[in-house]
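Working notes, structure below.
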Amino acid sequence: MTFFPKPRKIKAEKYVGGLSRGIQWEYSDDAIKLSANESALGPSPEAIRAFEKNKNNLFRYPDDDSEDLRDKIAQTFNTIYELKGIDRRRIICGAGSDQIFDLICKVFLARGDEVIVTQFGFIMHRIYASLHKAKIRFAKEKNFRASVDEILKKVTQKTKIVFLANPNNPTGTYLSKNEILELRQKLRSNILLVIDDAYAEFMNKDDFSSGLELFKNASNVLITRTFSKIYGLAGLRLGWGYSSKQIIDAMYKVKPPFNINGAALAAGEAAIWDIEWTQKAIKHNTLWTKKIFSVLKECKIKANEPTANFFLMNFDETKINSKNVFNKLGKKRIILREMKQYRISNALRFTIGDKEANERFIKSIKEICK
Ligand SMILES: Cc1ncc(COP(=O)(O)O)c(C=O)c1O
(Lines give C-alpha, C1' and ligand atoms only; values in the text may rest on other atoms or scores of the structure.)
Protein backbone atom coordinates (compact mmCIF):
# COMPACT_ATOMS: atom_id res chain seq x y z
CA MET A 1 0.00 0.00 0.00
CA THR A 2 1.24 3.52 -0.76
CA PHE A 3 0.74 6.36 1.67
CA PHE A 4 0.77 10.02 0.73
CA PRO A 5 1.25 13.12 2.87
CA LYS A 6 -2.15 14.43 3.94
CA PRO A 7 -2.99 17.94 5.15
CA ARG A 8 -4.81 18.19 8.48
CA LYS A 9 -8.60 18.48 8.43
CA ILE A 10 -9.38 22.16 7.99
CA LYS A 11 -12.66 23.21 9.51
CA ALA A 12 -13.24 26.60 7.94
CA GLU A 13 -15.50 27.83 5.20
CA LYS A 14 -13.90 28.95 1.97
CA TYR A 15 -14.41 32.60 1.18
CA VAL A 16 -16.39 33.16 -2.02
CA GLY A 17 -15.54 36.52 -3.58
CA GLY A 18 -17.80 38.67 -5.74
CA LEU A 19 -18.11 37.40 -9.30
CA SER A 20 -16.09 39.12 -11.98
CA ARG A 21 -16.68 39.39 -15.66
CA GLY A 22 -16.37 36.36 -17.90
CA ILE A 23 -17.49 33.68 -15.51
CA GLN A 24 -21.09 33.04 -16.27
CA TRP A 25 -22.07 35.30 -19.09
CA GLU A 26 -20.45 34.70 -22.42
CA TYR A 27 -20.90 38.34 -23.55
CA SER A 28 -19.42 39.80 -20.44
CA ASP A 29 -16.42 41.77 -21.64
CA ASP A 30 -18.13 45.04 -20.86
CA ALA A 31 -19.88 43.73 -17.75
CA ILE A 32 -20.12 46.03 -14.77
CA LYS A 33 -18.85 44.45 -11.58
CA LEU A 34 -20.84 45.72 -8.63
CA SER A 35 -20.30 42.64 -6.52
CA ALA A 36 -17.28 43.31 -4.31
CA ASN A 37 -17.75 46.71 -2.62
CA GLU A 38 -14.80 48.07 -4.55
CA SER A 39 -14.21 51.75 -5.06
CA ALA A 40 -16.41 53.54 -7.59
CA LEU A 41 -13.79 56.06 -8.67
CA GLY A 42 -10.60 54.05 -8.29
CA PRO A 43 -7.47 55.31 -6.55
CA SER A 44 -6.16 58.86 -6.35
CA PRO A 45 -4.04 59.88 -9.37
CA GLU A 46 -1.28 60.57 -6.84
CA ALA A 47 -1.43 56.93 -5.74
CA ILE A 48 -1.18 55.76 -9.34
CA ARG A 49 1.87 58.01 -9.87
CA ALA A 50 3.53 56.61 -6.75
CA PHE A 51 2.74 53.07 -7.90
CA GLU A 52 4.32 53.73 -11.29
CA LYS A 53 7.38 55.37 -9.80
CA ASN A 54 7.95 52.29 -7.71
CA LYS A 55 8.79 50.26 -10.81
CA ASN A 56 12.42 51.35 -10.40
CA ASN A 57 12.55 49.51 -7.07
CA LEU A 58 11.14 46.15 -8.08
CA PHE A 59 14.44 44.38 -7.43
CA ARG A 60 14.50 45.55 -3.79
CA TYR A 61 12.78 43.99 -0.82
CA PRO A 62 10.17 46.34 0.59
CA ASP A 63 10.40 48.05 3.98
CA ASP A 64 9.66 45.22 6.40
CA ASP A 65 8.02 47.41 9.04
CA SER A 66 6.16 49.86 6.77
CA GLU A 67 7.91 52.72 8.56
CA ASP A 68 7.05 55.49 6.09
CA LEU A 69 3.47 54.39 5.64
CA ARG A 70 2.91 54.25 9.39
CA ASP A 71 4.35 57.77 9.68
CA LYS A 72 2.05 58.98 6.94
CA ILE A 73 -1.03 57.36 8.50
CA ALA A 74 -0.26 58.94 11.89
CA GLN A 75 0.50 62.30 10.30
CA THR A 76 -2.72 62.27 8.27
CA PHE A 77 -4.91 61.50 11.24
CA ASN A 78 -3.11 63.82 13.66
CA THR A 79 -3.01 66.83 11.36
CA ILE A 80 -5.69 66.60 8.71
CA TYR A 81 -8.41 64.68 10.52
CA GLU A 82 -7.40 66.16 13.87
CA LEU A 83 -7.66 62.83 15.59
CA LYS A 84 -4.91 63.81 17.98
CA GLY A 85 -2.71 61.19 19.58
CA ILE A 86 -2.55 58.59 16.80
CA ASP A 87 0.73 56.89 17.62
CA ARG A 88 2.74 55.29 14.78
CA ARG A 89 4.07 52.67 17.23
CA ARG A 90 0.52 51.37 17.70
CA ILE A 91 0.03 50.72 13.96
CA ILE A 92 0.73 47.48 12.11
CA CYS A 93 0.23 47.20 8.35
CA GLY A 94 -1.00 44.09 6.62
CA ALA A 95 -1.57 42.68 3.15
CA GLY A 96 -5.19 43.78 3.35
CA SER A 97 -7.00 44.11 6.66
CA ASP A 98 -7.48 40.39 6.06
CA GLN A 99 -3.93 39.80 7.19
CA ILE A 100 -4.58 41.82 10.34
CA PHE A 101 -7.47 39.44 11.21
CA ASP A 102 -5.13 36.53 10.65
CA LEU A 103 -2.37 38.00 12.84
CA ILE A 104 -4.70 38.91 15.69
CA CYS A 105 -6.17 35.41 15.71
CA LYS A 106 -2.68 33.96 15.61
CA VAL A 107 -1.57 35.85 18.73
CA PHE A 108 -4.79 35.41 20.72
CA LEU A 109 -6.35 32.06 19.94
CA ALA A 110 -5.76 28.43 20.81
CA ARG A 111 -7.99 25.36 20.66
CA GLY A 112 -10.85 25.68 23.11
CA ASP A 113 -11.08 29.47 22.91
CA GLU A 114 -14.29 31.11 21.81
CA VAL A 115 -14.86 33.98 19.42
CA ILE A 116 -18.11 35.89 19.06
CA VAL A 117 -19.30 37.18 15.71
CA THR A 118 -22.73 38.46 14.79
CA GLN A 119 -25.21 36.40 12.80
CA PHE A 120 -24.58 38.17 9.50
CA GLY A 121 -21.18 39.59 10.38
CA PHE A 122 -18.38 39.88 7.82
CA ILE A 123 -17.38 36.33 7.02
CA MET A 124 -13.57 36.67 7.06
CA HIS A 125 -13.61 37.27 10.81
CA ARG A 126 -14.98 33.84 11.53
CA ILE A 127 -12.94 32.17 8.81
CA TYR A 128 -9.69 33.30 10.45
CA ALA A 129 -10.95 32.51 13.93
CA SER A 130 -11.84 28.97 12.76
CA LEU A 131 -8.49 28.53 11.05
CA HIS A 132 -6.89 29.30 14.38
CA LYS A 133 -9.06 26.63 16.01
CA ALA A 134 -11.46 28.79 17.97
CA LYS A 135 -15.10 27.88 18.45
CA ILE A 136 -17.38 30.41 16.80
CA ARG A 137 -20.42 31.67 18.68
CA PHE A 138 -23.01 33.56 16.68
CA ALA A 139 -24.86 36.46 18.31
CA LYS A 140 -28.36 36.92 16.88
CA GLU A 141 -29.08 40.09 14.95
CA LYS A 142 -32.34 42.01 15.05
CA ASN A 143 -33.55 43.05 11.65
CA PHE A 144 -30.06 42.50 10.18
CA ARG A 145 -28.50 44.70 12.85
CA ALA A 146 -26.08 43.63 15.57
CA SER A 147 -27.39 43.71 19.13
CA VAL A 148 -25.24 44.53 22.16
CA ASP A 149 -27.45 42.37 24.40
CA GLU A 150 -27.23 39.37 22.09
CA ILE A 151 -23.44 39.67 21.89
CA LEU A 152 -23.20 39.85 25.68
CA LYS A 153 -25.41 36.75 26.00
CA LYS A 154 -22.80 34.73 24.10
CA VAL A 155 -19.92 35.60 26.43
CA THR A 156 -18.45 32.73 28.45
CA GLN A 157 -15.25 32.26 30.42
CA LYS A 158 -13.68 31.02 27.19
CA THR A 159 -14.43 34.13 25.13
CA LYS A 160 -11.26 35.72 23.79
CA ILE A 161 -12.35 38.00 20.95
CA VAL A 162 -15.51 39.75 19.77
CA PHE A 163 -15.46 40.81 16.11
CA LEU A 164 -17.70 43.57 14.84
CA ALA A 165 -17.61 45.34 11.49
CA ASN A 166 -19.17 48.76 11.89
CA PRO A 167 -20.91 49.37 9.58
CA ASN A 168 -21.18 45.71 8.74
CA ASN A 169 -20.81 44.08 5.37
CA PRO A 170 -23.14 42.69 3.93
CA THR A 171 -25.98 44.15 6.01
CA GLY A 172 -24.96 47.81 5.80
CA THR A 173 -26.26 48.42 9.33
CA TYR A 174 -24.25 49.88 12.20
CA LEU A 175 -24.19 50.31 15.95
CA SER A 176 -24.29 53.85 17.27
CA LYS A 177 -21.45 55.41 19.22
CA ASN A 178 -23.36 54.85 22.48
CA GLU A 179 -24.06 51.22 21.72
CA ILE A 180 -20.41 50.53 20.91
CA LEU A 181 -19.30 52.24 24.11
CA GLU A 182 -21.85 50.23 26.06
CA LEU A 183 -20.57 47.02 24.47
CA ARG A 184 -16.98 47.74 25.43
CA GLN A 185 -17.99 48.74 28.93
CA LYS A 186 -20.06 45.60 29.54
CA LEU A 187 -17.59 43.14 28.02
CA ARG A 188 -15.06 41.66 30.40
CA SER A 189 -11.96 43.85 30.17
CA ASN A 190 -9.71 40.95 29.09
CA ILE A 191 -11.86 40.17 26.03
CA LEU A 192 -10.45 41.82 22.92
CA LEU A 193 -13.00 43.82 20.93
CA VAL A 194 -12.07 44.03 17.24
CA ILE A 195 -13.82 46.87 15.47
CA ASP A 196 -13.52 46.60 11.70
CA ASP A 197 -13.66 50.17 10.36
CA ALA A 198 -13.48 49.10 6.68
CA TYR A 199 -16.31 51.45 5.64
CA ALA A 200 -16.03 54.11 8.35
CA GLU A 201 -14.92 56.84 5.94
CA PHE A 202 -18.22 56.64 4.06
CA MET A 203 -20.34 57.23 7.15
CA ASN A 204 -22.07 60.52 7.75
CA LYS A 205 -24.55 59.69 10.47
CA ASP A 206 -24.68 61.90 13.56
CA ASP A 207 -24.86 58.98 15.99
CA PHE A 208 -21.91 57.12 14.44
CA SER A 209 -18.27 57.22 15.53
CA SER A 210 -15.54 55.08 14.07
CA GLY A 211 -13.62 52.56 16.13
CA LEU A 212 -10.52 54.68 15.74
CA GLU A 213 -12.25 57.79 17.08
CA LEU A 214 -13.68 55.94 20.07
CA PHE A 215 -10.81 53.68 21.05
CA LYS A 216 -7.54 55.23 19.96
CA ASN A 217 -6.39 55.19 23.59
CA ALA A 218 -7.86 51.83 24.60
CA SER A 219 -5.75 48.79 25.40
CA ASN A 220 -8.41 46.13 24.83
CA VAL A 221 -9.63 47.10 21.36
CA LEU A 222 -8.07 46.43 17.96
CA ILE A 223 -9.27 48.65 15.15
CA THR A 224 -8.78 47.60 11.53
CA ARG A 225 -8.74 49.86 8.49
CA THR A 226 -8.36 49.10 4.81
CA PHE A 227 -7.07 50.75 1.64
CA SER A 228 -9.41 48.57 -0.41
CA LYS A 229 -12.57 50.65 -0.11
CA ILE A 230 -12.46 54.47 0.00
CA TYR A 231 -8.85 54.51 -1.26
CA GLY A 232 -9.53 52.18 -4.20
CA LEU A 233 -6.46 49.98 -3.76
CA ALA A 234 -8.09 46.55 -3.30
CA GLY A 235 -5.79 45.03 -5.93
CA LEU A 236 -2.65 45.97 -4.02
CA ARG A 237 -3.79 44.36 -0.72
CA LEU A 238 -3.18 46.90 2.02
CA GLY A 239 -4.73 47.47 5.43
CA TRP A 240 -3.69 48.27 8.98
CA GLY A 241 -4.50 47.61 12.59
CA TYR A 242 -4.38 49.94 15.60
CA SER A 243 -4.21 48.75 19.19
CA SER A 244 -2.14 48.88 22.37
CA LYS A 245 1.61 48.78 21.91
CA GLN A 246 1.65 45.41 23.67
CA ILE A 247 -0.81 43.82 21.25
CA ILE A 248 0.80 45.39 18.19
CA ASP A 249 4.25 44.23 19.32
CA ALA A 250 2.94 40.67 19.66
CA MET A 251 1.51 40.85 16.14
CA TYR A 252 4.88 42.04 14.80
CA LYS A 253 6.45 38.91 16.24
CA VAL A 254 4.30 36.66 14.05
CA LYS A 255 4.04 38.90 10.99
CA PRO A 256 5.61 37.37 7.86
CA PRO A 257 8.65 39.35 6.71
CA PHE A 258 8.09 41.85 3.88
CA ASN A 259 4.36 41.22 4.05
CA ILE A 260 3.47 44.28 2.00
CA ASN A 261 4.94 44.89 -1.41
CA GLY A 262 6.72 48.13 -2.25
CA ALA A 263 4.11 49.27 -4.76
CA ALA A 264 1.36 48.98 -2.15
CA LEU A 265 3.41 50.90 0.42
CA ALA A 266 4.12 53.72 -2.03
CA ALA A 267 0.56 53.94 -3.34
CA GLY A 268 -0.89 53.75 0.16
CA GLU A 269 1.16 56.70 1.38
CA ALA A 270 0.06 58.83 -1.55
CA ALA A 271 -3.57 57.72 -1.30
CA ILE A 272 -4.09 58.53 2.36
CA TRP A 273 -2.43 61.92 1.94
CA ASP A 274 -4.63 62.94 -1.01
CA ILE A 275 -7.50 64.31 1.02
CA GLU A 276 -9.16 65.99 -1.95
CA TRP A 277 -9.54 62.65 -3.70
CA THR A 278 -10.89 61.05 -0.55
CA GLN A 279 -13.45 63.86 -0.22
CA LYS A 280 -14.43 63.40 -3.84
CA ALA A 281 -14.99 59.68 -3.28
CA ILE A 282 -17.12 60.38 -0.20
CA LYS A 283 -19.18 62.98 -2.03
CA HIS A 284 -19.77 60.61 -4.94
CA ASN A 285 -20.89 57.89 -2.55
CA THR A 286 -23.23 60.15 -0.57
CA LEU A 287 -24.88 61.43 -3.73
CA TRP A 288 -25.42 58.01 -5.29
CA THR A 289 -26.45 56.14 -2.15
CA LYS A 290 -29.20 58.72 -1.69
CA LYS A 291 -30.36 58.50 -5.30
CA ILE A 292 -30.29 54.73 -5.43
CA PHE A 293 -32.01 54.36 -2.07
CA SER A 294 -34.99 56.28 -3.42
CA VAL A 295 -35.04 54.19 -6.61
CA LEU A 296 -35.08 51.02 -4.50
CA LYS A 297 -37.99 52.38 -2.51
CA GLU A 298 -39.86 53.17 -5.69
CA CYS A 299 -39.29 49.57 -6.83
CA LYS A 300 -40.48 48.17 -3.45
CA ILE A 301 -37.03 46.73 -2.77
CA LYS A 302 -36.26 46.85 0.95
CA ALA A 303 -32.73 47.95 1.82
CA ASN A 304 -30.60 49.31 4.63
CA GLU A 305 -30.44 53.10 5.03
CA PRO A 306 -27.55 54.65 3.07
CA THR A 307 -24.37 54.03 5.11
CA ALA A 308 -21.38 52.53 3.30
CA ASN A 309 -20.86 52.00 -0.45
CA PHE A 310 -23.38 49.18 -0.86
CA PHE A 311 -26.96 48.13 -0.20
CA LEU A 312 -28.32 44.81 0.98
CA MET A 313 -31.52 44.50 -1.03
CA ASN A 314 -34.46 42.28 -0.12
CA PHE A 315 -37.05 41.22 -2.70
CA ASP A 316 -39.89 39.94 -0.51
CA GLU A 317 -42.19 42.75 -1.62
CA THR A 318 -41.39 42.66 -5.32
CA LYS A 319 -43.06 40.41 -7.89
CA ILE A 320 -39.70 38.92 -8.80
CA ASN A 321 -37.30 37.07 -6.51
CA SER A 322 -33.59 37.71 -5.96
CA LYS A 323 -32.43 34.78 -8.11
CA ASN A 324 -34.35 36.04 -11.13
CA VAL A 325 -33.22 39.63 -10.54
CA PHE A 326 -29.62 38.39 -10.35
CA ASN A 327 -29.95 36.51 -13.64
CA LYS A 328 -31.80 39.29 -15.43
CA LEU A 329 -29.21 41.84 -14.35
CA GLY A 330 -26.50 39.38 -15.41
CA LYS A 331 -28.02 39.24 -18.89
CA LYS A 332 -27.76 43.01 -18.94
CA ARG A 333 -24.11 42.53 -17.94
CA ILE A 334 -24.52 43.93 -14.42
CA ILE A 335 -23.03 41.68 -11.76
CA LEU A 336 -24.29 41.81 -8.18
CA ARG A 337 -23.44 39.66 -5.18
CA GLU A 338 -25.65 36.76 -4.16
CA MET A 339 -26.09 36.20 -0.44
CA LYS A 340 -26.05 32.40 -0.27
CA GLN A 341 -22.84 32.22 1.72
CA TYR A 342 -24.37 34.50 4.35
CA ARG A 343 -27.60 32.50 4.33
CA ILE A 344 -29.67 35.61 3.72
CA SER A 345 -32.61 34.58 1.60
CA ASN A 346 -34.17 36.47 -1.28
CA ALA A 347 -31.46 39.14 -1.16
CA LEU A 348 -28.67 40.61 -3.25
CA ARG A 349 -25.94 43.08 -2.46
CA PHE A 350 -25.29 46.01 -4.76
CA THR A 351 -22.12 48.14 -4.70
CA ILE A 352 -22.21 51.81 -5.72
CA GLY A 353 -20.35 52.22 -9.02
CA ASP A 354 -19.33 55.17 -11.16
CA LYS A 355 -21.96 57.38 -12.77
CA GLU A 356 -22.36 55.21 -15.86
CA ALA A 357 -22.64 51.99 -13.87
CA ASN A 358 -25.17 53.48 -11.46
CA GLU A 359 -27.30 54.84 -14.27
CA ARG A 360 -27.24 51.48 -16.03
CA PHE A 361 -28.23 49.77 -12.79
CA ILE A 362 -31.09 52.20 -12.13
CA LYS A 363 -32.51 51.79 -15.64
CA SER A 364 -32.24 48.00 -15.46
CA ILE A 365 -33.62 47.49 -11.97
CA LYS A 366 -36.62 49.68 -12.80
CA GLU A 367 -37.31 47.57 -15.90
CA ILE A 368 -36.88 44.30 -14.03
CA CYS A 369 -38.92 45.13 -10.94
CA LYS A 370 -41.76 47.15 -12.45
C1 LIG B 1 -16.15 44.56 6.66
C2 LIG B 1 -14.95 44.29 5.82
N3 LIG B 1 -13.75 44.20 6.41
C4 LIG B 1 -12.65 43.94 5.70
C5 LIG B 1 -12.71 43.74 4.34
C6 LIG B 1 -11.49 43.30 3.59
O7 LIG B 1 -10.62 44.29 3.40
P8 LIG B 1 -9.18 44.01 2.80
O9 LIG B 1 -9.32 44.12 1.33
O10 LIG B 1 -8.39 45.12 3.42
O11 LIG B 1 -8.69 42.68 3.22
C12 LIG B 1 -13.91 43.83 3.68
C13 LIG B 1 -13.99 43.60 2.23
O14 LIG B 1 -14.97 43.41 1.63
C15 LIG B 1 -15.07 44.12 4.44
O16 LIG B 1 -16.26 44.18 3.85
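This is a predicted model, so every value here is computed, not measured. Indexing begins at 1, ligand by ligand and atom by atom, following the structure's order.
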Tell me: protein heavy atom nearest [atom], and distance?
atom                    : value
atom 3 (N) of ligand 1  : Asp196 OD2, 2.6 Å
atom 13 (C) of ligand 1 : Lys229 NZ, 3.0 Å
atom 12 (C) of ligand 1 : Phe122 CZ, 3.3 Å
atom 11 (O) of ligand 1 : Arg237 NH2, 2.8 Å
atom 10 (O) of ligand 1 : Thr226 OG1, 2.5 Å
atom 6 (C) of ligand 1  : Ser97 OG, 3.7 Å
atom 9 (O) of ligand 1  : Ser228 OG, 2.6 Å

Polar side-chain atom of Asn220 near backbone of Ser189 as donor-acceptor pair, under 3.5 Å: yes

Under 3.5 Å: donor-acceptor pair, side chain of Arg90, backbone of Lys216: yes

Would [X] and [Y] count as having a side-chain donor-acceptor pair, cut-off 3.5 Å?
X      : Y      : answer
Ser210 : Glu213 : yes
His132 : Asp102 : yes
Asn169 : Arg349 : yes

His125-ligand 1 polar pair, N/O distance under 3.5 Å: no

Ligand 1 to Asn37 polar contact by distance, N or O atoms, under 3.5 Å: no

Heavy-atom gap Gly239 to ligand 1 smaller than 4.0 Å: no

Sidechain N-carboxylate O distance under 4.0 Å for Arg145, Glu179: yes

Ligand-side contact atoms (ligand 1) for residue partner Asp98, heavy atom cut-off under 4.0 Å: 11 (O)

Distance in Å, Arg70 CZ paired with Asp87 CG, rounded so as to fall on 0.5 Å steps: 9.5 Å

Region of Phe227 that comes within reach of ligand 1 [heavy atoms, distance under 4.0 Å]: neither

Close aromatic pair by centroid cut-off 6.0 Å: Phe310 and Phe350: no

